[in-house]
Each structure stands twice: as C-alpha cells, then as structure tokens.
Amino acid sequence: MLTLKFIQDNKELVVERLKIKNFDATAIVDSIIELDNQRKATQVEAEALQQEMNTLSKEIGMLFKSGKAQEANEAKARTGELKDKIKERNTTLEGITAQLNEHLVSLPNVPNEIVPPGKGEEDNVEIKRGGDMPQLTVNEPHWDLIKKYDLIDFELGTKITGAGFPVYKGKGARLQRALINFFLDEGMKAGYNEVIPPLVVNEDSGFGTGQLPDKEGQMYHVTADNLYLIPTAEVPVTNIFRDVILKASEMPVKHCAYSACFRREAGSWGAHVRGLNRLHQFDKVEIVQVAHPKESYEILDKMVAHVQSLVEKLELPWRILRLCGGDLSFTSALTYDFEVYSAAQERWLEVSSVSNFESYQANRLKLRYKEEGEKKAQLAHTLNGSALALPRIVAALLENNQTPEGIKIPEVLVPYCGFDIIK
RNA sequence: GGAGAGAUGGCAGAGUGGUCGAAUGCGGCGGUCUUGAAAACCGUUGUACCGCGAGGUACCGGGGGUUCGAAUCCCUCUCUCUCCGCCA
C-alpha cells in the first residue's frame with residue numbers, strides 16, 4: 001500500500017496518476033487525509049489521558065509503599081472516571097484506525113509516469129520484438145499434438161482432480177523437467193540464488209504481497225488450517241523479507257524459485273483457454289529482487305533483459321509489451337509482459353510478466369533497509385517476474401517446432417531432455 | 001494424536017504485581033592506551049506513533065481479561081523443545 005506520508009505530500013499526484021489505472025481516488029484520498037487528522041487528534045487526547053493515569057498509578061504505588069494506605073485509597077477513587085475516558089478514546093481511535101487502514105489497502109499502487117493510458121489488453125504498447133516467425137509445413141494446435149505424441153493427459157487429470165490439472169507423461173514430463181532446470185540454471189548464471197519455498201502460505205503472507213484481502217477468490221483456500229495454495233512463488237519468496245531490515249549494501253537481493261502455481265481462475269474460463277492456455281496448476285520459475293529505490297528501474301530493465309535472453313535461447317518469436325494503466329495489476333507501478341507467438345493458434349501467448357512494485361509491497365511487508373550510518377530505515381523496492389511460466393512455452397514450442405517427422409527440441413534444451421525430437 | 005516445558009532487546013539470559021524499555025554477558029559502534037592491532041578500561045547501542053522541541057504514548061510470541069498499576073496473574077491462539085504413539 002501507499003504510505004500515508006506519500007499520500008499527504010502528493011495528494012494531487014496520487015489522484016492524477018491513478019486516473020491512468022482508471023481508478024477515481026478523489027474521495028478515498030480525501031477521507032484518508034481527514035481520517036488521519038482525526039486519528040492524530042484522538043491519539044493525542046488518549047495519550048494525554050493515559051499519561052495522567054500512569055502518573056497517578058505511580059503515585060498510588062509510592063503511597064502504598066510508604067504505608068500511606070488511606071491516601072492511596074483516596075487516589076484510587078479518582079481513577080475510575082479517567083479509566084472510562086481512556087477506554088472511550090481508545091475505542092474511537094481503534095475505529096478510526098480500522099477505517100483508515102481499509103481505505104489505505106483499497107488504494108492501488110500509483111503507476112509510473114511512462115505507463116500508457118488505456119482500458120485493457122488492446123491498449124498495451126509493444127516496445128520490442130524478436131525471433132523468427134515459423135514457416136510451418138504441418139500445422140496442428142498443441143492440444144492435438146499432445147494427444148498425437150501422448151505427452152499430456154487432460155482427461156486423466158480430470159479424473160484424478162478436475163479440469164485444469166493435467167498429467168504430464170513420458171517425454172512430456174521430461175520436457176517439463178528440462179524447462180524447469182534450464183530456467184533455474186539460467187537464473188543462477190544471472191546471479192539469482194535459488195530457493196525452494198513452501199507451496200502453501202498463511203494469511204500474513206497473502207496480505208504482504210497483496211493477494212489478500214482483495215483477491216482471495218483467486219487462491220485455493222485450505223480452510224481447516226487457514227492456509228492458501230500459492231498462485232505464484234512471488235508470494236512465499238517475497239515474504240521471506242516480511243519484517244526485515246536489510247543493510248543498503250546487501251541490496252539488491254536476488255532470488256529465483258521454481259514452484260507449482262495454483263490458481264482458481266474463477267470466472268475467467270471461455271474462449272482461448274483450450275489445452276495449456278489456462279490451467280489451475282502449472283509450473284513456473286520466478287525471479288524476485290529486493291532493490292534500493294534509486295536503482296529499482298535499472299534492475300527492472302535487467303530482469304526484462306534476462307527474460308528476453310530465455311525466449312531467445314528457446315528460439316521463439318517474442319514481443320514485449322508495456323502494460324497500459326487499465327491492464328496493470330493493483331500492486332504494480334510498471335509491468336512488462338512477454339508474449340511468444342504460437343503459429344498454429346495464430347496468436348500471442350503471455351508467458352511472463354515483469355513488474356516493479358516500488359515500495360507498495362514493501363510497505364505492507366515492512367521490508368526496509370538502512371543506509372550505512374543512518375538511523376532511520378527506509379522502505380525498499382520489490383520486483384518480480386516470471387522466468388518463465390511453462391505451459392504456454394510448451395504450447396508454443398510444440399506448435400512452432402512441429403515437422404512432418406516430429407517435434408524438434410531447441411538446441412539449448414537437448415542436454416536437459418536427453419532427446420532432440422519427439423516422434 | 002497424548003503428556004509436559006517454554007516463548008523477554010542482534011544473540012545468550014535474569015526478572016513472578018509498582019521507581020522495568022527491562023539486570024548481566026556476548027556482539028556492534030565510539031573513545032582511552034598503542035607505531036598499528038589485540039587485550040584491558042570508559043562510554044554507547046531496539047522499533048513505531050504524536051510533538052518545532054522539551055517530552056509523551058505503545059511494544060517483553062499474537063489476541064482478550066483482572067487490577068489504580070501487568071514482562072510478571074487469568075483465559076485463548078500460535079509457535080518451539082522433551083517424552084510417548086503413528087509415519088514418509
């Protein structure tokens with residue numbers, strides 16, 4: 001969430017910028033400022049009363065100690081009214097604070113100034129593309145290829161669990177494992193430290209990265225233990241840094257992690273979700289960085305370059321989009337999406353999303369850093385990106401590399417797969 | 001799952017109703033001494049909020065309660081450890 005101080009100091013800017021996200025913040029910002037003024041006033045009153053009470057209590061203690069029981073009891077009689085007042089003030093204070101928090105949490109992150117305006121996907125701006133479009137002599141969509149070569153069994157997954165939980169088989173499973181290892185190795189080479197996080201998280205973690213309270217419908221909820229299946233490794237990995245104060249010299253911290261990801265995708269089924277295009281469970285390697293505010297955008301560019309190197313090594317046609325305000329997530333300040341072209345489907349598939357959250361997540365996480373010699377801790381910046389999400393990469397690989405002889409495996413993956421063609 | 005013990009500052013650890021934001025040790029930082037370092041000695045060393053400041057308020061795992069007053073007593077939740085059971 002945005003900090004109170006930022007909102008107070010940049011009231012107009014917040015309202016203006018959030019218009020880019022098609023979010024009218026005028027009323028919320030006004031009431032945040034008003035509520036905070038109330039909060040301060042109430043807190044001052046409550047604390048003054050508390051101080052009086054503390055002083056009085058100390059006096060009573062002294063009196064008892066020096067044997068003046070009667071005086072002590074007289075003083076005691078005076079505390080009742082004070083106690084009621086304090087209670088009343090504190091209740092008011094709690095109410096105001098709760099309301100204030102509710103408003104703060106409901107305010108999205110302010111987009112970076114280069115975020116283009118727009119309503120949705122169609123307004124995203126392509127900033128770069130590369131790779132060669134495949135010239136296919138055969139042309140089948142991946143859901144047919146998968147059946148033909150017996151790589152992934154959707155029906156079996158449906159039997160075991162339900163729709164959207166595929167079973168990978170034989171070379172399909174091997175390809176999956178190859179991609180995961182390839183992505184992790186590339187991450188390591190780029191200086192990311194691998195972690196294997198838990199796949200379920202508690203409520204605090206869900207709040208820390210911004211999935212809660214808003215998007216609980218998107219996560220599988222284990223109600224018996226009040227835990228959530230992770231929708232992305234971003235959640236557990238970023239939460240490593242919840243309530244942490246780093247030294248400025250330790251940044252940037254770079255982590256990568258493979259995890260299965262679980263998404264309910266409530267309400268988002270329909271056209272274009274056949275086969276691997278949308279799943280409830282899928283595999284992804286995620287990169288996460290904690291950065292100094294002054295270099296977070298430079299780091300965002302580096303992360304984008306890293307993802308670009310992955311799609312290039314996989315020899316897939318790719319493009320990078322700068323997301324418009326309307327397509328930008330609640331917590332993000334700037335996001336680049338990567339898409340790869342799927343020849344058989346004749347459409348672009350989103351395979352990565354790389355974002356700078358600035359201090360929006362850090363504020364929720366209480367993730368801070370201290371400059372050498374400084375006493376005051378500052379909020380750090382958090383960033384993350386998929387590097388990469390597997391299913392649509394698999395879809396594109398299968399579709400783009402199909403030949404009458406079989407599906408050719410890109411060179412970089414051959415050592416990982418142990419085969420160079422699927423037939 | 002059953003029985004018991006525990007959770008205190010960066011770490012270790014004292015504190016069982018008042019002057020406790022909290023002894024002591026270690027670590028960190030500054031200084032004295034030294035050509036330099038070590039040792040020794042002296043000092044200092046949490047976070048957040050309100051306030052120009054003086055200062056105030058809150059925090060001893062989380063939440064609630066008792067009391068004029070809670071780190072300390074009560075309830076509850078979470079976590080850790082030991083023993084037993086079950087098990088990859």
Side-chain angles (χ1 to χ4, degrees), chain A residues 1-9 32-105 196-208 212-213 221-228 236 239-250 253 359 362-380:
Chain A
M1 57 191 173
L2 299 172
T3 63
L4 246 173
K5 189 162 168 31
F6 183 82
I7 297 170
Q8 282 162 340
D9 294 350
I32 283 174
I33 290 170
E34 170 55 25
L35 280 166
D36 190 50
N37 289 335
Q38 284 178 32
R39 192 210 100 227
K40 278 182 198 168
T42 313
Q43 187 174 331
V44 167
E45 285 173 41
E47 286 184 0
L49 290 167
Q50 189 61 53
Q51 183 186 358
E52 218 179 298
M53 182 65 126
N54 288 348
T55 312
L56 197 52
S57 294
K58 265 184 192 165
E59 277 168 21
I60 291 168
M62 308 265 237
L63 289 172
F64 271 122
K65 231 174 194 171
S66 53
K68 297 171 183 163
Q70 189 171 345
E71 281 178 55
N73 282 320
E74 280 166 21
K76 240 168 141 172
R78 284 189 277 134
T79 60
E81 193 191 344
L82 203 48
K83 219 178 167 178
D84 289 343
K85 273 201 223 163
I86 290 172
K87 190 155 199 170
E88 188 265 323
R89 288 287 80 185
N90 279 337
T91 310
T92 311
L93 186 60
E94 269 170 44
I96 294 170
T97 310
Q99 252 186 64
L100 183 58
N101 280 336
E102 217 172 282
H103 282 304
L104 281 172
V105 161
I196 302 180
L199 303 182
V200 287
V201 294
N202 58 29
E203 237 175 321
D204 285 348
S205 294
F207 178 80
L212 298 175
H221 188 191
V222 184
T223 50
D225 298 291
N226 196 25
L227 297 172
Y228 295 86
N239 271 281
I240 290 174
F241 301 96
R242 176 150 46 85
D243 294 318
V244 166
I245 300 177
L246 294 163
K247 287 185 198 146
S249 59
E250 293 172 313
V253 185
S359 59
N363 190 32
R364 287 183 166 213
L365 293 159
K366 295 204 184 66
L367 161 53
R368 291 164 293 171
Y369 69 94
K370 259 188 201 169
E371 216 71 68
E372 182 78 29
E374 292 277 316
K375 234 182 127 67
K376 185 97 179 136
Q378 316 270 346
L379 290 174

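Basis for what follows: all heavy atoms, side chains included, without hydrogens, waters or symmetry-related copies.
Put simply, NZ on A:K366 is 15 Å from C1' on B:G46, counting in whole angstrom units. Spacing between atom CD of A:Q51 and atom P of B:G55 amounts to 12 Å, rounded to whole angstrom units. For A:L379 and B:A48, the CG to C1' distance is 13 Å, given to the nearest whole Å. When the C1' atom of B:A70 is taken as reference, atom CE of A:M53 falls 13 Å away, rounded to whole Å. One can place CG of A:D243 at 12 Å from P of B:G62, the figure rounded to the nearest angstrom. Look at CG on A:L100: it is 11 Å from P on B:C50, rounded to the nearest Å. Between the C1' atom of B:U78 and the CD atom of A:E203 lies a distance of 13 Å, rounded to the nearest Å. The CD-P distance, from A:E94 to B:G63, rounds to 11 Å in whole Å.
When the P atom is compared between B:G56 and B:A5, the two are found 41 Å apart, to the nearest whole Å. B:G62 and B:A58 are spaced 16 Å apart, taking the C1' atom of each and rounding to whole Å. Taking atom C1' on both B:C60 and B:G13, the two are 13 Å apart, rounded to the nearest angstrom. Look at the P atom in both B:G27 and B:A38: the space between them is 12 Å, to the nearest Å. For the P atom pair drawn from B:G63 and B:G9, the interatomic distance equals 16 Å after rounding to whole Å. If you take atom C1' in B:C68 and the same atom in B:C84, they sit 48 Å apart, rounded to whole Å. Spacing between B:C59 and B:U72 at atom C1', rounded to whole Å, works out to 16 Å. With P as the reference atom, B:A22 and B:U44 are 13 Å apart, rounded to whole Å.
Counting heavy atoms from C-beta on, the side chains of A:K370 and A:L246 never come closer than 4.5 Å. Within the 4.5 Å cutoff, no side-chain heavy atoms of A:F241 are placed close to those of A:L365. Using a 4.5 Å heavy-atom threshold, the side chains of A:N73 and A:F64 count as touching.
Regarding contacts with the backbone of B:U67, every side-chain N or O of A:K76 stays at 4.0 angstrom or more from both OP1 and OP2. A close approach under 4.0 Å does occur between a side-chain nitrogen or oxygen of A:Q50 and OP1 or OP2 of B:A58. Residue A:K5 has no polar side-chain atom (N or O) positioned under 4.0 Å from OP1 or OP2 of B:C49. Within the structure, every side-chain polar atom (N or O) of A:N90 is placed at least 4.0 Å from both OP1 and OP2 of B:A58. Here A:R368 reaches the OP1 or OP2 of B:A48: one of its side-chain N or O atoms lies under 4.0 Å away. One finds a side-chain N or O of A:N54 lying less than 4.0 angstrom from the OP1 or OP2 phosphate oxygen of B:U57.
Within 4.0 Å of A:K370, counting heavy atoms only, lie sugar-phosphate atoms of the nucleic acid but no base atom.
Every residue two or more places apart in sequence or in another chain that forms a side chain to side chain contact (heavy atoms under 4.5 Å, CB included) with A:N363 is listed here: A:M1, A:T3, A:L379. Residues passing the side chain to side chain contact (heavy atoms under 4.5 Å, CB included) test with A:D9, sequence neighbours excluded: A:K5. Taking the side chain to side chain contact (heavy atoms under 4.5 Å, CB included) definition, one finds that A:E59 meets it with A:T55, A:L56, sequence neighbours left out.
Enclosure of atom CD in A:E102 is not indicated, since only 12 or fewer non-hydrogen atoms of other residues, nucleotides or ligands lie within 6.0 angstrom.
In this structure, B:G18 and B:C68 make a Watson-Crick or G-U wobble pair, each of the two defining distances being under 3.5 angstrom. When Watson-Crick and G-U wobble pairs are counted only if both distances are under 3.5 Å, B:C60 pairs with no nucleotide at all. Pairing partner, B:C87: none, since no Watson-Crick or wobble contact has both distances short of 3.5 Å. Nucleotide B:C41 has B:G31 as its partner under the Watson-Crick or G-U criteria, with both atom distances under 3.5 Å. Across the strands present, B:C52 finds no partner; the criterion is a Watson-Crick or G-U wobble pair with both atom distances under 3.5 angstrom. B:C26 and B:G10 make up a base pair, with Watson-Crick or G-U wobble contacts both under 3.5 Å. In this structure, B:C81 and B:G4 make a Watson-Crick or G-U wobble pair, each of the two defining distances being under 3.5 angstrom.
A:N54 and A:Q50 share a side-chain donor-acceptor pair at under 3.5 Å. Defined by atom type and a distance below 3.5 Å, a donor-acceptor pair is present between the side-chain atoms of A:N202 and A:S205. A donor atom on one side chain and an acceptor atom on the other are not found under 3.5 Å apart for A:Q51 and A:E47.
Here the options are A:I33, A:L35, A:I32, the test is side chain to side chain contact (heavy atoms under 4.5 Å, CB included), and the partner is A:L4; only A:I32 passes. Between A:K366 and the options A:D243, A:V244, A:I245, a side chain to side chain contact (heavy atoms under 4.5 Å, CB included) holds for only A:D243.
Nearest-nucleotide positions on RNA chain B place A:A377 closer to the 5' end than the other of A:K87 and A:A377.
Under 4.0 Å is where a charged nitrogen must lie from a carboxylate oxygen, and between A:D36 and A:R39 at least one such pair does.
Remark: side-chain polar atoms of A:R364 are paired, donor with acceptor, to backbone N or O of A:F207 under 3.5 angstrom.
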For nucleotides 86-88 of chain B, print each protein N/O atom paired with a nucleotide N/O atom at under 3.5 Å, atom names and distance only.
none

Protein-nucleotides 17-21 of chain B N/O pairs under 3.5 Å:
{"residue": "B:G18", "atom": "N2", "partner": "A:S57", "partner atom": "O", "Å": "2.6"}
{"residue": "B:U19", "atom": "O4", "partner": "A:K65", "partner atom": "NZ", "Å": "2.5"}

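Residues of residues 37-47 of chain A that place a heavy atom closer than 4.0 Å to RNA chain B, in numerical order, are A:R39, A:K40, A:Q43, A:V44, A:E47.
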